[in-house]
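Okay, structure first, notes after.
Model, not experiment: these values are computed from the prediction.
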Amino acid sequence: MNQRWKLLIDIGGPIMRNLQSDGQLRPVDLARAHGLSTQAVRNYEAAGILPAAERTPHGYRTYTPLHAQALRAFLALAPGHGHQTATSIMQAINRDATEDALHLIDSSHAQLLDDHRTLQAVEAAVRDLEPAPPERGNVLVGPLSKRLGIRPATLRKWERAGLVQPRRDPQTGYRVYSAADVRDALLAHQLRRGGYLLEQIAPLIAQVRSAGGIAPLESMLRDWRARLSAKSRAMLSGAAALDAYLDCRPAPPEDGPSSWAGGSTCRVLKTRP
């Protein structure tokens, strides 16, 4: 086996069985070990997700454990960062633009943190809402704006943004806010105090309105939190796989074509069963 690949240890079962004496893998070996089609592997290479494969004298692609680690890193990154960002990360790594890849990763983490903060603000706003009273009359713009401590013009602006939908009194033309409208205005007020823009609040209000109240929203918030937690864990797994790939990559050309960044610590992680 090529001396370079003797540095690779702990190779997963499917890869180990198909690793040839010269450290090469066929496309089908790489595909089967990761539950993919050979066409998918070729597409990933063409997209720059995998390093360029060498060719046999007959034109057949040959891969190495390094390609297997690259594929494993991409598949681990995609659930947390999304397919497009994971692709951009791998493309940057493979063109030796590691700083660009790290910036993409940092941006994803920043977005995830912002999503967590948004969820916390929504949960706080829902907790602070008073239960909507039964329909026992309507509220005009003056009393509602006074209750919220805002100007009537602000309520009209919220109406234009779709946050509240008061009906008009057919005789006077005045805006009339039902109990549901008051609930929506209270939720919008809480989120605005949290610094959120009208265009960020409108979809949430629409969700509350379509659900028929706050109670069904609690289930949505639990699901939202579970998705964010899963994304956090996926980013952690992606970071581990990418770190392993970086350990296994050759150093940039200026450091010499045969130097290795990972040295004896280079490894290929096992494929999960």
Side-chain angles (χ1 to χ4, degrees), residues 1-12 14-105 108 237-271:
M1 181 183 294
N2 186 303
Q3 180 65 28
R4 175 175 293 179
W5 297 114
K6 289 183 180 179
L7 296 173
L8 296 166
I9 61 174
D10 198 22
I11 300 176
I15 297 292
M16 176 65 83
R17 288 195 295 272
N18 294 311
L19 189 64
Q20 301 175 32
S21 61
D22 58 357
Q24 294 181 339
L25 293 161
R26 299 169 301 169
V28 66
D29 300 328
L30 202 58
R32 288 174 178 171
H34 297 87
L36 301 170
S37 66
T38 54
Q39 184 59 53
V41 172
R42 289 192 289 268
N43 291 344
Y44 288 154
E45 181 194 345
I49 293 169
L50 307 183
E54 295 184 0
R55 299 279 185 144
T56 67
H58 298 288
Y60 295 111
R61 290 177 173 85
T62 59
Y63 296 110
T64 65
L66 180 65
H67 292 89
Q69 186 63 72
L71 181 55
R72 190 169 295 114
F74 171 73
L75 295 176
L77 287 167
H81 296 271
H83 189 279
Q84 182 175 350
T85 299
T87 297
S88 297
I89 291 169
M90 295 303 297
Q91 290 170 338
I93 294 295
N94 291 329
R95 66 173 184 267
D96 294 319
T98 304
E99 290 297 325
D100 292 346
L102 295 178
H103 178 73
L104 289 167
I105 292 169
S108 283
S237 298
L242 183 63
D243 183 61
Y245 177 52
L246 288 170
D247 277 348
C248 294
R249 275 181 51 76
E254 58 267 26
D255 293 339
S258 61
S259 61
W260 282 76
S264 61
T265 63
C266 189
R267 64 197 184 281
V268 172
L269 302 177
K270 288 184 179 181
T271 304

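- Counting only distance, with no hydrogens or angles, the side chain of Glu45 and the backbone of Ala53 share a donor-acceptor pair below 3.5 Å.
- In this pair, His67 and Tyr63 present their aromatic rings perpendicular. The plane angle is above 60°, beyond the 30 to 60° band.
- A distance-only check finds no donor-acceptor pair linking the side chain of Arg42 to the backbone of Arg61 [under 3.5 Å].
- One distance of note links OG1 of Thr98 with CG of Leu102; it measures 6.5 Å at 0.5 Å rounding.
- Atom CD of Gln84 is surrounded by 12 or fewer heavy atoms from other residues, nucleotides or ligands within 6.0 Å.
- Distance CG/Leu242 to CG/Asp247: 10.0 Å, rounded to 0.5 Å.
- From Leu71, atom CG reaches atom CG of Leu66 across 11.5 Å, with rounding to the nearest 0.5 Å.
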Check your understanding: How far apart are the C-alpha atoms of Asp96 and Arg249, what are their side-chain angles, what is the distance that settles it, and do they pass the side-chain contact (heavy atoms from CB on, under 4.5 Å) test?
Key -> CA-CA 10 Å; Asp96 294 319; Arg249 275 181 51 76; 2.5 Å; yes
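- Checked against a 6.0 Å centroid threshold, the rings of His83 and Phe74 count as neighbours.
- Looking only at side-chain heavy atoms (C-beta outward), Leu104 and His81 stay at 4.5 Å or farther from each other.
- From Leu77, atom CG reaches atom OG1 of Thr85 across 10.0 Å, with rounding to the nearest 0.5 Å.
- One distance of note links CG of Leu50 with CD of Gln91; it measures 11.0 Å at 0.5 Å rounding.
- Taking every heavy atom of both residues into account, Leu30 and Val41 meet most closely at CD2-CG1, 3.8 Å.
- Side-chain N or O atoms of Thr62 include one that pairs as donor or acceptor with a backbone N or O of Glu54 at under 3.5 Å.
- Across Asp100 and Ala92, no two heavy atoms sit closer than the pair CB-CB, 4.1 Å.
- Listed here is the closest heavy atom pair of Ala101 and Ile93: CB-CD1, 3.6 Å.
- Taking each heavy atom of Ala76 and Pro79 in turn, the nearest pair found is O-CD, 3.3 Å.
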